[in-house]
> 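One structure, as C-alpha cells, below. Some questions next.
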Amino acid sequence: MNIKPLSNHLFIESIEEEKKTQSGIVLPENVEKEKPVKGKIVAVGTGKINEKGERIPMSVKVGDMVLFKKYGPDEIEIEGKKYLVGDEDDILAILEF
Amino acid sequence: MNIKPLSNHLFIESIEEEKKTQSGIVLPENVEKEKPVKGKIVAVGTGKINEKGERIPMSVKVGDMVLFKKYGPDEIEIEGKKYLVGDEDDILAILEF
Amino acid sequence: MNIKPLSNHLFIESIEEEKKTQSGIVLPENVEKEKPVKGKIVAVGTGKINEKGERIPMSVKVGDMVLFKKYGPDEIEIEGKKYLVGDEDDILAILEF
Amino acid sequence: MNIKPLSNHLFIESIEEEKKTQSGIVLPENVEKEKPVKGKIVAVGTGKINEKGERIPMSVKVGDMVLFKKYGPDEIEIEGKKYLVGDEDDILAILEF
Amino acid sequence: MNIKPLSNHLFIESIEEEKKTQSGIVLPENVEKEKPVKGKIVAVGTGKINEKGERIPMSVKVGDMVLFKKYGPDEIEIEGKKYLVGDEDDILAILEF
Amino acid sequence: MNIKPLSNHLFIESIEEEKKTQSGIVLPENVEKEKPVKGKIVAVGTGKINEKGERIPMSVKVGDMVLFKKYGPDEIEIEGKKYLVGDEDDILAILEF
Amino acid sequence: MNIKPLSNHLFIESIEEEKKTQSGIVLPENVEKEKPVKGKIVAVGTGKINEKGERIPMSVKVGDMVLFKKYGPDEIEIEGKKYLVGDEDDILAILEF
C-alpha cells in the first residue's frame, strides 16, 4: 500500500527520545513519556493550492528529520502502524546531522 | 436515488479496520471500535468556486480509497445506509494498492 | 403570503425518514426521532454578492430534494408552519430519483 | 426624534405571532412566547462600505415585512419603545402579501 | 487636557434615560439602571486606514447624538470623568431631533 | 540597555491616577487600584508591514501621553522595571495638555 | 546536529532574570520563577512566504537578544536541551547593550 498525501499534508514517523536521568541512566519504558516532537517524514503532499490556483512547493521531503509542533499533528493508525499526520505548518525545523 | 454533492463536498463509505491483537487474533465485533479514518469515496462534488468565480477541480474521484481526518466528516444516514460526509479538506491522502 | 429569501438564504421543508427496525417494522411516532437531513427546497434567494459586487448564482432551485448539514439550518415557524432556514453552504447534495 | 442608522444597520418593530392551539384557540398573553422572527423595517442605513470604498445598496427598505434570524438582532429601548436592531445579514427573507 | 482619538476610535458621554413607570412616575436613582445605549460624541478619530493606505472618513462627528451597541464600547475614566470608548462600528444610528 | 520594538509594538510606562474621593481626599496606596489606562510611550516599533510589503508608519511617538485599552497591553518586567507592551491598535487616543 | 527552522519560526534560549528583593538580595533558585520573556535567538527560519509567493525577510538574526511574548513561544526539548520555539510575531523587541 502506498500513501499519497493531498495538498500540504504530510505523514511522520515519530522518534521518541530516550529519557535519561541527569546521571545518564536510561529510564525504562513504563516511565511516563513526553509527547514526541521529532520524527522522520515518510510521505508528503504535492503542496497547497493558493488563491491564484498556483501550487506552493513543499519545503520538506521524504526522509527529512524534522521537529514538529507538539500539539500540531494528529495520530493515525494504518494497518496496525502508527503515524502522525499534519500539515507543512506543523513543521518547525529540519534537523541536519 | 442518486447523490449529487455540491461544491467540494464528498460522501465516503467508511472501512473499519479489523482490530487484531499483537499475536494476530481478530477481536470480536463487540470490542470498542476506533473511529474510522479509512474509506471509499462514493460521491464527489464538482468543486468549490473561488473568489474569482472559477471552479477548483477536485483532487479525489469516486472509487478512491482515502484516509480522512478522524473528526472531520460527519455521519449521515440516507435510506438506512450510513455515510460520512465531508469536504475535500478532510481528505488527508489517497491510498494506492 | 410569499417568502422571498435574500442573499444565499433558502427555506427547506424537512422530510423525516420513516424509522424502520432491521426487520422492516415501521416504528411508531413517539420513538425518538433523528434530526432530519433530507428536505425539499421551498424558497431560494437570488444569490450572495461577492467582493466585486457580482451576484453568485444559486446551485439549488425550488423543488430540489436535498441533503443538508444536520446542525446547519435553523428551525423557523411562519403562520403555524415549520421550516428550516439556512444558506447555500448548508446544502451537501441534491438527490435525484 | 428621527433614527438615521449607519452602515448596513436596520431597526425592526417585531410582530409577535398569535399563538393558537391546533384547535384554533388563541392562547392568553401570559403563556410563554416564542422569540419573534417576523417584523416591519422602520429604519435602514445607507449601506455598508466595501473594501474598494463603494457603498453596497441595501436590499430592504422601510415598511418591508421581513423574517429575521432568531438570535441575530438585539433588543434596544428608545424613549420607552422597544426595537430590534440588526444588520442586513440578519434578514432572511422579505414577506409579500 | 485634549483627547485626540486615533484611527476610528471615538469617545461618548452616555445619557441615561429616565426610567418612568407606565403611569409616568420617574423612578428614583437607586432603582437598577439599564446599560446605556444613547450618548453624545465628544471626540472622534480621523478614521481607519484601509489595506490600500487610504483613510476612511468617519460617519459621525463631535456633538452627534447616537445610539450605540449595548456591549460595544468600554467604560474608561479620565480625570474622574467617565466616558465610553468604542469604534465607529459600535455606532448603530445618529439621532436627529 | 536600549529597547528597539519590532513591527507595530510599543512599550508604555503606565501612570496610575490618584484616586480621590468625591470630597477631594487622596486615597492611600493600599486601596484597590484601577487597572491603568493612561501612560507615556517609551519605545515604538518602526511600523507593521502590510500585504504589499510596505511599512505602515506609526501614529504615536516616544513621549506621547496616551490612553490605551484596559485589557490590551500585557505587563512585562525588564531589569526590575515594569512596562506595558502592546500594539498600535491598543492605543485609543493621544492626550494633549 | 543543526536546527534549520522553516518559514518564520525561530528558536530561543531563554535567559531567566535573577530575582532580587528590593534590598538587592538575590533569591535562591527554589523560589517561584517568573515565566521568562528575555532570550537569545539561536536559530531563525528564512522567512514566511506571502500571498504573492515572495519571502518576507526576518527582522531578527542569530545572536540577537530579544524580548518575547510571555505566552507566545512553546517549550521544546531537543537532546536534553530546552528551547523556546516561536514565530517572528512572538518577538516584541530587540535589546541592545
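Chain letters run A, B, ... following the sequence lines, proteins first, then strands; residues in each count from 1. Scope of the values below: all heavy atoms of this structure, side chains included, with no hydrogens, waters or symmetry mates. All figures in this text were calculated on a predicted structure; none of them were measured in a lab.
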> Can you sort out the partners of D:Lys81 under side-chain contact (heavy atoms from CB on, under 4.5 Å), two or more places apart, ordered by chain and number?
D:Glu13, D:Tyr83
> Could you tell me which residues satisfy salt bridge (Lys or Arg N to Asp or Glu O under 4.0 Å) with D:Lys82, sequence neighbours excluded, listed by chain and number?
none
> A side-chain contact here means heavy atoms from C-beta on lying under 4.5 Å apart; do E:Leu92 and D:Phe11 qualify?
yes
> Find out whether D:Glu77 and E:Val37 are in side-chain contact, i.e. whether some heavy atom of one side chain is under 4.5 Å from a heavy atom of the other.
no
> For chain D, find which of E:Val66, E:Asp89, E:Leu95 contributes the most heavy-atom pairs closer than 4.5 angstrom.
E:Leu95
> Tell me whether D:Arg55 contacts the main-chain N or O of D:Gly47 through its side chain, where contact means a donor paired with an acceptor under 3.5 Å.
yes
> Holding to side-chain hydrogen bond (donor to acceptor under 3.5 Å, both in side chains), I want the full list of residues that pass it with E:Asp64, two or more places apart in sequence or in another chain.
E:Lys61
> By a 4.5 Å heavy-atom criterion (distance strictly below it), what part of E:Val60 contacts chain D: side chain, backbone, both, or neither?
side chain
> A side-chain contact here means heavy atoms from C-beta on lying under 4.5 Å apart; do D:Ile12 and D:Val42 qualify?
no
> Answer whether the closest heavy-atom distance between the side chains of E:Glu75 and E:Leu84 falls below 4.5 Å.
yes
> Give the member of E:Met65, E:Glu88, E:Glu96 that has the highest number of heavy-atom pairs under 4.5 Å with chain D.
E:Glu96
> Taking non-hydrogen atoms and a cut-off under 4.5 angstrom, which of residues 1-10 of chain D neighbour chain E?
D:Met1, D:Asn2, D:Ile3, D:Lys4, D:Pro5, D:Leu6, D:His9
> Tell me, for E:Ile56 versus chain D, whether the close heavy atoms (under 4.5 Å) come from the side chain, the backbone, both or neither.
neither
